[in-house]
Amino acid sequence: MKVLKKWICAGAILMAVGTGGMTAQAADAGSINQADYKKALETAPKGIVMDGEDAAVTTEKTDSQNRSKAEIVSGNNPSVPNGQVVSMTRHQSEYASIWSKHGSEFELTKPQTTSMWLYFGNQYSASGEGMAFAIHNDARGVNAMPELNKKGSVPGETLGVWPSDTVRTQGEAAGLAKRGIQNSWALEFDTHQNIKSGGRAAGQADSFDLEFENSKVGDHIASNHPGSSASFIQHVDSGVLWTGNTPINVMHYYYHIQHVGMIGDKSNSNYLSNGQWRHLTLKWQPANHEGNSYGQMTYVFDDKDPKTGERLNGREQTVNVNTIDPDRNGKARWGLAGTTTTKFASNQLVVFEKAPDLIDGKTTTTLKNLTRKKEVKAGDEVFAKDKLELSYQFNYQDGQQANWANIQSYLKLPTDIDYDKAEVTYSNGQVQNISLDDRQDQSINVFLAEKLNKDVATASIRFTGRAAAVDDRREVASTTSKYTSNVMIGELTTPDFVINPSQELTLTVTSDQHLSLPVNEATTITGQVDLDSAATLAHDEPIWVHVTINGKVQKEPIKVAEDGTFKVTLQANQLQKGDNVIEVVATSGELRSNAEEVTISCSGCLELTAPSDVSFESKQLTGQRQELKRGDGWELSVQDTRGAGSKWRLSVKAATFVNEVGDHLLGKPVYATREGKTPIEKEMTPIVTHETTKKQAKNHNVYGVTDDWDHQTGMFLSIDDGATTGNYQGELTWSLDDVPS
């Protein structure tokens with residue numbers, strides 16, 4: 001029997017109840033456009049670092065069915081060294097996605113801001129299919145994607161987030177919604193209209209843009225919820241299928257998306273695929289989490305100039321976001337997806353400029369005049385040869401992301417400073433040297449070797465040098481530097497300032513500025529202080545030289561002689577072992593000179609030898625007040641090789657003694673002398689003060705602190721009434737301090 005099949009179509013439209021809507025598609029005719037791809041990389045803007053263990057995003061997938069083509073490639077923009085770009089799609093019939101890693105989720109309970117640059121190729125009307133930004137809580141995580149079609153690929157109109165409308169018998173929007181990314185909200189950038197309708201539309205996945213069938217809207221931006229039936233409007237293709245002489249009523253279905261918060265240009269149907277990088281900023285405002293309301297998303301498109309980076313007004317929409325966090329965990333994965341088809345394929349690329357607020361990181365730039373002891377603000381004056389310190393500070397304050405890492409700075413240093421030293425100092429005490437030989441003119445790139453986090457919270461890139469010797473007043477322009485990292489990029493701006501050649505009070509060190517000082521010897525720093533001719537005529541106040549030793553200002557300044565000379569005499573007992581930095585600066589009334597430094601290496605030292613483990617006698621506690629004697633191991637000694645007359649002070653403090661179950665001991669250590677007993681509390685308590693004799697200095701003798709202790713003197717443990725039995729442990733901390741002679 002021959003079967004004759006014939007369709008008799010009658011149009012009908014059913015609307016799924018709900019709010020929100022978005023769709024995205026793009027088209028790029030033929031295979032990859034190599035010239036366009038090359039241009040995109042050569043003009044790629046600066047963005048975050050996207051590879052490595054501390055990256056916030058990943059292109060890796062764990063599902064073998066996920067055939068994402070997204071990859072992180074190097075940008076070739078000469079003004080953006082080491083730039084990184086996500087290459088999403090480059091060929092026909094491709095799907096790509098990049099999602100945030102675990103630990104770098106979008107926090108739904110806090111305001112968030114993220115930004116990125118998007119590139120949609122240069123195919124104009126032949127472009128396709130497009131990309132979509134999404135946040136989701138799909139159980140598949142980085143493998144979240146639409147269901148594959150019969151050919152095993154992701155349908156182009158889905159843009160990698162919307163459901164696959166490939167089942168023509170799917171009669172419910174809820175069934176369609178299950179085929180997309182679940183528990184999600186998406187913002188589509190659609191560069192190809194999918195407006196197929198009628199008898200050949202069902203099952204073809206080519207109708208999501210039917211809303212614009214009779215309008216001039218082409219490329220567009222819009223949003224909705226891919227996993228919600230409320231996002232889709234159903235179309236019914238009904239008819240009769242004849243089998244012989246028997247008619248069979250059949251119904252096939254296809255859908256279009258409700259586009260919410262649309263941005264487009266009716267006068268320019270090729271709004272997106274124009275061969276330019278386009279900037280996007282997303283701002284999240286959380287709601288009160290009542291019912292299904294989660295918050296609002298504001299997206300601003302074209303809010304930066306792709307060539308200059310300057311801020312533009314852009315085009316803005318704000319939409320409600322719902323049903324993305326069913327388990328109320330307060331977080332969502334974020335990222336982008338994109339697609340092409342056999343007929344439409346574009347170069348689609350992404351540069352993430354700022355991840356959502358994964359860390360609270362601050363940067364500051366300061367310029368200090370070390371000579372004048374003050375910060376240089378915009379427009380301030382410094383004098384020729386003043387010593388300056390330029391600092392770029394990075395401060396990790398808090399954050400969901402464990403590390404602020406891969407911080408690469410591209411610094412443009414101010415001119416007219418003769419730089420002599422550069423280094424990075426971290427809050428954990430680590431120091432990273434920087435070679436000034438790596439400069440190219442005024443530019444130098446500095447990579448922070450340490451990650452910043454709660455343990456290492458700050459890093460400071462410091463450059464020191466002297467203001468240039470100028471004959472006339474010179475203005476030094478402000479400079480703007482840039483940095484990138486694993487979560488954000490930013491700028492570092494220095495203040496503009498003026499170098500003044502005139503200095504009314506000038507100090508010069510005339511003795512050697514690098515000295516070695518043996519034990520028991522002294523040394524003298526000599527210098528000259530000069531007033532300029534104008535100041536001399538009107539100035540009759542004395543001039544004083546102030547001395548700072550290792551950052552500690554000495555009490556008595558030194559008066560400068562009438563001929564402008566001065567002498568600073570230093571004894572070994574005023575210095576510490578190793579290098580000492582001596583700074584001298586002159587003042588007279590309101591005048592202040594430049595500061596000069598002298599480094600003195602001192603071979604004398606003050607050292608304490610103390611045991612790491614000591615004990616008190618074991619004794620049965622009676623509940624009454626009693627005193628426990630010392631056990632073994634109590635040996636403390638001090639060696640002072642700084643010379644006769646040097647003094648030192650030994651102090652001690654005690655932490656609370658605790659037993660194995662956490663009970664505190666009722667009692668504390670006491671220090672006994674012939675004159676009485678001193679309780680040892682939680683604050684440092686002085687117990688011995690000593691002055692080194694000539695004999696001790698000559699023989700470098702060691703002073704035995706515990707040598708004179710006997711059964712009545714030294715350290716004991718005093719037990720109070722009510723103390724309970726137990727094995728108690730505590731900690732004694734000793735401090736040996738230099739005491740000025």
Side-chain angles (χ1 to χ4, degrees), residues 368-376 380-389 418 420 464-474 498-518 520-576 579-602 642-643 645-646 740-741:
K368 293 181 180 179
N369 189 328
L370 301 181
T371 299
R372 311 291 163 180
K373 304 292 186 182
K374 66 178 184 178
E375 183 176 345
V376 179
D380 283 355
E381 284 191 350
V382 303
F383 288 106
K385 295 187 178 180
D386 274 357
K387 189 166 187 179
L388 306 178
E389 179 187 79
D418 298 325
D420 54 27
T464 58
R466 293 191 179 274
V470 296
D471 296 327
D472 299 304
R473 189 175 183 273
R474 181 173 300 177
V498 175
I499 301 177
N500 193 329
S502 174
Q503 182 168 287
E504 296 177 321
L505 198 62
T506 305
L507 182 146
T508 304
V509 173
T510 56
S511 57
D512 194 346
Q513 290 185 262
H514 295 276
L515 302 171
S516 295
L517 183 61
N520 299 327
E521 292 191 13
T523 189
T524 300
I525 300 172
T526 62
Q528 177 79 35
V529 179
D530 296 306
L531 281 168
D532 69 12
S533 57
T536 302
L537 295 175
H539 195 83
D540 58 0
E541 295 187 46
I543 302 174
W544 300 91
V545 170
H546 303 267
V547 181
T548 301
I549 302 177
N550 297 321
K552 186 176 182 181
V553 179
Q554 304 304 292
K555 292 182 178 179
E556 298 297 331
I558 297 167
K559 189 174 182 180
V560 175
E562 290 185 4
D563 62 357
T565 60
F566 67 87
K567 294 181 180 180
V568 178
T569 301
L570 299 172
Q571 302 290 340
N573 59 9
Q574 293 179 267
L575 307 176
Q576 64 188 13
D579 288 342
N580 296 262
V581 177
I582 316 301
E583 183 185 84
V584 287
V585 62
T587 64
S588 182
E590 296 182 355
L591 301 181
R592 183 184 180 90
S593 77
N594 54 298
E596 294 291 336
E597 289 182 356
V598 176
T599 301
I600 300 177
S601 180
C602 183
R642 299 171 301 163
S646 61
S741 300

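In terms of the salt bridge (charged side-chain N to carboxylate O under 4.0 Å, His left out) criterion, residue partners of Lys387 (sequence neighbours excluded) are, by chain and number, Glu597. Taking the side chain to side chain contact (heavy atoms under 4.5 Å, CB included) definition, one finds that Lys555 meets it with nothing, sequence neighbours left out.
Expressed to the nearest 0.5 Å, how far NZ of Lys559 lies from CD1 of Ile543 amounts to 10.0 Å. Interatomic distance, OG1 of Thr587 versus CH2 of Trp544, reported as 9.0 Å (0.5 Å rounding). Atom NZ of Lys368 is separated from atom NZ of Lys373 by 10.5 Å, given to the nearest 0.5 angstrom. Here the CD atom belonging to Gln528 is positioned 6.0 Å from the OG1 atom belonging to Thr565, to the nearest 0.5 angstrom. Rounding to the nearest 0.5 Å places CG of Leu505 at 8.5 Å from CG of Asp530. One finds the CG atom of Leu575 at 4.5 Å from the CG atom of Asn580 (value rounded to the nearest 0.5 Å).
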**OP:** Assess whether side-chain contact (heavy atoms from CB on, under 4.5 Å) is satisfied between Gln513 and Thr599, documenting all intermediate values.
**Re:** CA-CA 6 Å; Gln513 290 185 262; Thr599 301; over 6 Å; no
Subject >> side-chain contact (heavy atoms from CB on, under 4.5 Å) evaluation trace for Arg473 with Ile499 >> reply: CA-CA 6 Å; Arg473 189 175 183 273; Ile499 301 177; over 6 Å; no
Original post:
Could you go step by step and tell me if Val382 and Val376 meet the side-chain contact (heavy atoms from CB on, under 4.5 Å) rule?
Top reply: CA-CA 8 Å; Val382 303; Val376 179; 3.8 Å; yes
Subject >> side-chain contact (heavy atoms from CB on, under 4.5 Å) between Thr523 and Thr569, worked out >> reply: CA-CA 6 Å; Thr523 189; Thr569 301; over 6 Å; no
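Here the side chains of Val470 and Pro501 are in contact, with some heavy-atom distance below 4.5 Å. Residues Leu570 and Ile525 are in side-chain contact: their nearest non-hydrogen atoms beyond the backbone lie under 4.5 Å apart. By the 4.5 Å heavy-atom criterion applied to side chains, Val585 and Arg592 are counted as neighbours. You'll find the side chain of Gln574 reaches within 4.5 Å of the side chain of Ile549, heavy atoms only.
Of all non-hydrogen atoms in Ala384 and Ala469, the two that sit nearest each other are CB-CA, 4.0 Å. The two residues Val509 and Glu596 have their closest heavy-atom pair at CG2-CB, 3.7 Å. Annotation for Ala595 and Leu370: closest pair CB-O, 4.3 Å, computed over non-hydrogen atoms.
Remark: side-chain polar atoms of Asn594 are not paired, donor with acceptor, to backbone N or O of Thr371 under 3.5 angstrom. No donor-acceptor pair under 3.5 Å is formed between the side chain of Ser593 and the backbone N or O of Thr506. Within the 3.5 Å criterion, the main-chain N or O of Pro542 finds a donor-acceptor partner in the side chain of Ser588.
Val584 pairs in a side-chain contact (heavy atoms from CB on, under 4.5 Å) with only one of the listed residues (Val598, Thr548, Val568), which is Val568.
Under 4.0 Å is where a charged nitrogen must lie from a carboxylate oxygen, and between Lys374 and Glu389 no such pair does.
Judged purely by distance below 3.5 Å, without hydrogens or angles, the side chains of Thr510 and Thr526 pair a donor atom with an acceptor atom.
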